[in-house]
Amino acid sequence: MGNIAEADFYNPKYYDNRELSWLKFNQRILNEARDTKLPLMERLSFLSITSSNLDEFFMVRVASLKDMVHAGYKKPDLAGMTPEVQLLKINEVTKKFVTDQYICLNRSLLPLLEKENIRIYDDYSKLNDEQKKFADRYFEKNIFPTLTPMAVDASRPFPLIRNKTLNIALLIKPKKGADILPGQKKKKSEPEFATVQVPSVLDRVIQLPSDDDEHIFILLEALISAHLSEIFMNYDVITSSSYRIMRNADFSIDEDDAIDLLEEIQKQLKKRQWGECIRLEVSSDIDARLLSFLKENLCIRDYDIFSINGPVDLTFLSKIPHIENRDDLYDKPFSPRKNQRITPGGDIFSDIRKGDILLKHPYESFDPVVDFIRQGAQDPNVLAIKMTLYRVSGNSPIIANLARAAENRKQVTVLVELKARFDEEHNIVWAKKLEKAGCHVIYGVVGLKTHCKTALIVRREEDGIRRYVHLGTGNYNDSTAKHYTDCGMFTCKETYGEDASSLFNMLSGYSEPRHWNKLIVAPIWMRKRFLYLIQRETENAREGRPAMIVAKMNSLCDREIIANLYEASAAGVVIHLIVRGICCLRTGIPGISDNITVTSIVGRFLEHGRIFYFKNAGAEEFYMGSADWMPRNLDKRVEVVFPVEDQILKEKLRHYLLVELSDNLKSYYMDDEGEYVRPDRRGKKTVGSQAVFMEEAEEDELGETGSKDTRIFVPVFADDNNEYDE
């Protein structure tokens, strides 16, 4: 690539800012909450997700930008924006987004709930007499004993307000003639500040008595606010208001100087509770005196304060109890189906020996992955089990089976990534449990996160030692596997087994191998490999050979990868990108990205898989793995991408990508302005990729396979002149 071309493809005006791109993704989720075609309770769930997403965005991404500003860091990002400019733009976009959230709640969702005789009250006064009696008893028995009211005065400084907790701020004044503690002086006229934390250990949504066809709920903070006079018995409550703060939760660890990584992370976790306050949410009707007091004591500026027109923290919407006998309010239940290559209750090792097996979650069950570890733990011929764990479920059967394997005298090596953000404490518990059972536990690699999804079982068989490998795109989490779309592959081919052994040797402290047979491993080898694959398509296009790239991932924000995609597009390579979230690449730039389409699918399940296709002049190559095209995945994590070589599996992946590219129901595409819009369905058959995959999984389980791979979709990969039809 020459200097002129390089400068052109790296021009900041061709890139979108990472943080603003993420906010566009959260906007797409909000659009699902607005979608009148979706069942009502599913819309509430999507609105809840936008709120929890925004929390993590502020605690990590906004916090990181604030750290840069404090440090005087002024280097612009790939879109040419300094940290300070990014913060200003984020603030502007986010405040409009929060306004839109509450418009959706107040003008659409709550009125629709009322039409269905479902009411969620944030005001005690709206209850009838019977409901008030129930609420009063509930408060006295369940809530009052857990409350800790805290006053602020000369002898009691402003308390530590914990991160993400919901609180009630008050102005109070001693009642005339009220008894006070010895040594305390009565205030003449100035009201005092006090605060009460809404207990996070209690259900925030409380169901009240109602008629059979009604469902009435009240929020916990509304019940507490109605009984403040009982909490502060010797005081008059002048005013009260809900508030919530977000703190900087983006901690870093100097791993080189850390004597005990586990102990150091435990220390850092505690610091999250008193990090810098970076966002304050307050009720829109808050008293000016209360707001001024909070601003001063939390050291927060006006532009970091969000005025909320409704209940603070919308994550409560996902906690509303299931409405019985109202299936119409929810998505039709779907249970993951059996994979036809795996014999129910049979020997999974025998099934794998017959050929590589592709798993597609959540359309197909995650049970075979659990069974893989379970059978390995029980099989007397299994000598060793090695596995990487990034995020696991709360009651993980995989953890239990790894512990059982160690108890059965297998050699069990588990890499538990302690630095998995917001799962650190969770993973520490699992690591200790595995160690106690006799597993050899590795706490990650110094300076890197281990994000690859790899399991290796070493088994003694009649013809010698055989290695069985599972490689995946998603976590070994049986809970999220029901909601995240991911793919995995079982194989016992020797080349994959050798690479898996080399990977675990590298992770346990052994030097990296001289070469890899099949696996593409970050951080040393993966970037170069992906650049080679993209550049090979570029050269093929220049030479008039078939050239196409289809890449599905969660995020795309690596400058070098994007620049090479731009060069490939300029050379004539047709590029289809399926990117769920962040995408810093821009489409429709003349001479730069004319041949690139970007699709984002937001549906019932969270799109999470990573699949990569390269035309390679007709000798097509498919890859899957754990890595997105982001600097952190390519340079700062241990990741694994692997080729899929079995022809049957390649055809399945081809079909998978084709269906997603054909989605015109739950997809968005990026327009020439960098905005995401719905495709025009006029005159076209409606295709929802997730619905298609659910239907196909059901048909496969019933044995009704037929010729569905081509019954709806034209195989665009076969024709290099075919463009993705918007």
Practice task
Output the distance between atom CG (Leu471) and atom CE (Met624), rounded to the nearest 0.5 Å.
Solution key: 8.0 Å
Handout entry: Between Ser501 and Arg467: side-chain donor-acceptor atoms closer than 3.5 Å
Key = yes
Exercise for the section: Determine, stepwise, if the pair Leu503 / Cys452 fulfils side chain to side chain contact (heavy atoms under 4.5 Å, CB included). Expected result: CA-CA 10 Å; Leu503 174 71; Cys452 57; 4.2 Å; yes
Fill in the blank from the handout: Separation between OG1 (Thr94) and CG (Leu87), nearest 0.5 Å, reads 10.0 Å
Problem - Between CG on residue Asp628 and SG on residue Cys557, distance to nearest 0.5 Å - result: 8.5 Å
Handout entry: Sub-4.5 Å side-chain heavy-atom contact between Met387 and Leu389
Key = yes
Handout entry: Residue pairs, two or more places apart or on separate chains, that pass ring pair (Phe, Tyr, Trp, His ring centres under 6.0 Å) and touch residues 627-648
Key = Phe530-Trp629, Phe612-Trp629
Practice task
Would you kindly say whether Arg28 and Ser600 are connected by a side-chain donor-acceptor distance under 3.5 Å?
Solution key: yes
Exercise for the section: Look at Glu19 together with Arg61 and state whether they make a salt bridge at an N to O cut-off of under 4.0 Å. Expected result: yes
Completion exercise
salt bridge (Lys or Arg N to Asp or Glu O under 4.0 Å) filter on Arg678, not counting sequence neighbours, yields Glu32
Practice task
Report yes or no: do Asp663 and Ser689 form a side-chain donor-acceptor pair below 3.5 Å?
Solution key: yes
Handout entry: Criterion ring-ring contact (aromatic ring centres under 6.0 Å, His included) on Tyr676 and Tyr669, from CA distance to verdict
Key = CA-CA 5 Å; Tyr676 287 83; Tyr669 71 91; 8.9 Å; no
Fill in the blank from the handout: Rounded to the nearest 0.5 Å, the CG atom of Leu358 sits from the CD1 atom of Ile648 at a distance of 11.0 Å
Handout entry: Side-chain (Ser593) to main-chain (Ile596) donor-acceptor, under 3.5 angstrom
Key = no
Exercise for the section: For the residue pair Asn477 and Arg391, confirm or rule out a side-chain donor-acceptor distance under 3.5 Å. Expected result: no
Practice task
Drop me the distance from Cys492's SG to Lys354's NZ, to the nearest 0.5 angstrom.
Solution key: 12.0 Å
Exercise for the section: Would you sort out whether Arg586 and Asp16 count as a side chain to side chain contact (heavy atoms under 4.5 Å, CB included), showing the intermediate values? Expected result: CA-CA 7 Å; Arg586 297 281 302 275; Asp16 198 2; 4.1 Å; yes
Exercise for the section: Going by the side chain to side chain contact (heavy atoms under 4.5 Å, CB included) test, name the single residue among Val550, Thr597, Leu585 that passes it with Leu577. Expected result: Leu585
Handout entry: Test item: Ile520 and Trp516 side chains (from C-beta on) under 4.5 Å apart, heavy atoms
Key = no
Handout entry: N/O donor-acceptor pair under 3.5 Å between His451 side chain and Tyr390 backbone
Key = no
Exercise for the section: Looking only at non-hydrogen atoms, find the nearest pair between Glu607 and Ile601 and report the distance. Expected result: CG-O, 3.5 Å
Exercise for the section: Check step by step if salt bridge (Lys or Arg N to Asp or Glu O under 4.0 Å) holds for Glu364 and Lys338. Expected result: CA-CA 6 Å; Glu364 294 174 349; Lys338 297 172 184 175; over 6 Å; no
Handout entry: Cationic N near anionic O, under 4.0 Å, Glu461 to Arg466
Key = yes
Problem - Donor-acceptor contact present, side-chain Asn664 to main-chain Lys685, <3.5 Å - result: yes
Practice task
With sequence neighbours excluded, tell me which residues meet side chain to side chain donor-acceptor pair (under 3.5 Å) with Asn540.
Solution key: Arg545
Exercise for the section: List in chain and number order the residues that pass ring-ring contact (aromatic ring centres under 6.0 Å, His included) with Tyr484, two or more places apart in sequence or in another chain; answer none if no residue qualifies. Expected result: His608
Problem - Centroid-centroid under 6.0 Å between Phe349 and Tyr468 rings - result: yes
Practice task
For the pair Lys453 and Asp486, find out whether any cationic side-chain nitrogen is under 4.0 Å from an anionic carboxylate oxygen.
Solution key: no
Handout entry: Charged N-O contact under 4.0 Å between Arg536 and Glu539
Key = no
Handout entry: Gln690 side chain vs Arg604 backbone, donor-acceptor pair below 3.5 Å
Key = yes
Practice task
Decide, yes or no, whether a salt bridge links Arg341 with Asp351 under the criterion of side-chain N to carboxylate O below 4.0 Å.
Solution key: no
Handout entry: Validation row: Arg580, Met553 side chains within 4.5 angstrom (heavy atoms)
Key = no
Handout entry: salt bridge (Lys or Arg N to Asp or Glu O under 4.0 Å) partners for Glu537, two or more places apart
Key = none
Practice task
Give a yes or no on whether the backbone of Val640 and the side-chain of Ser626 come within a donor-acceptor separation of less than 3.5 Å.
Solution key: yes
Problem - Sub-6.0 Å ring centroid separation between His576 and Tyr613 - result: no
Exercise for the section: Measure the shortest side-chain to side-chain distance between Asn53 and Trp22 over non-hydrogen atoms and say whether it is less than 4.5 angstrom. Expected result: yes
Problem - Any residue meeting side chain to side chain donor-acceptor pair (under 3.5 Å) with Thr587, in chain and number order, not counting sequence neighbours - result: none
Fill in the blank from the handout: Taken to the nearest 0.5 Å, the spacing of Arg529 CZ from Ile534 CD1 works out to 12.0 Å
Handout entry: Enclosure of Lys650 NZ (heavy-atom neighbours >12, cutoff 6.0 Å)
Key = yes
Exercise for the section: Output all residues satisfying side chain to side chain donor-acceptor pair (under 3.5 Å) with Glu560, sequence neighbours left out; order by chain, then residue number. Expected result: Arg527
Exercise for the section: List for me each residue that meets salt bridge (Lys or Arg N to Asp or Glu O under 4.0 Å) alongside Asp672, sequence neighbours excluded, and say none if there are none. Expected result: none
Exercise for the section: Tell me, with the steps shown, if Glu567 and Arg542 meet salt bridge (Lys or Arg N to Asp or Glu O under 4.0 Å). Expected result: CA-CA 11 Å; Glu567 185 182 15; Arg542 287 174 177 157; 3.1 Å; yes
Practice task
Quick one: list whatever passes ring-ring contact (aromatic ring centres under 6.0 Å, His included) with Phe693, sequence neighbours left out.
Solution key: Tyr363, Tyr656
Problem - For Glu645, all residues meeting side chain to side chain donor-acceptor pair (under 3.5 Å), sequence neighbours excluded - result: Lys518
Handout entry: Partners passing salt bridge (Lys or Arg N to Asp or Glu O under 4.0 Å) against Lys493 (at least two apart in sequence or in another chain)
Key = Asp356
Practice task
Determine, step by step, whether Asp77 and Arg18 satisfy the salt bridge (Lys or Arg N to Asp or Glu O under 4.0 Å) criterion, reporting the C-alpha distance in whole Å, the side-chain angles of both residues, the deciding distance to 0.1 Å, and the verdict.
Solution key: CA-CA 9 Å; Asp77 74 329; Arg18 169 186 167 147; over 6 Å; no
Practice task
Would you check, one step at a time, whether the test side-chain hydrogen bond (donor to acceptor under 3.5 Å, both in side chains) holds for Asp700 with Gln340?
Solution key: CA-CA 7 Å; Asp700 283 347; Gln340 294 305 297; over 6 Å; no
Handout entry: Main-chain N/O of Ile592 paired with Asp594 side-chain donor or acceptor, under 3.5 Å
Key = yes
Handout entry: Qualifying residues under ring-ring contact (aromatic ring centres under 6.0 Å, His included), relative to His361, sequence neighbours excluded
Key = Phe366
Exercise for the section: Please work out whether the ring planes of Tyr623 and Phe614 are parallel, tilted or perpendicular, with thresholds of 30° and 60°. Expected result: perpendicular
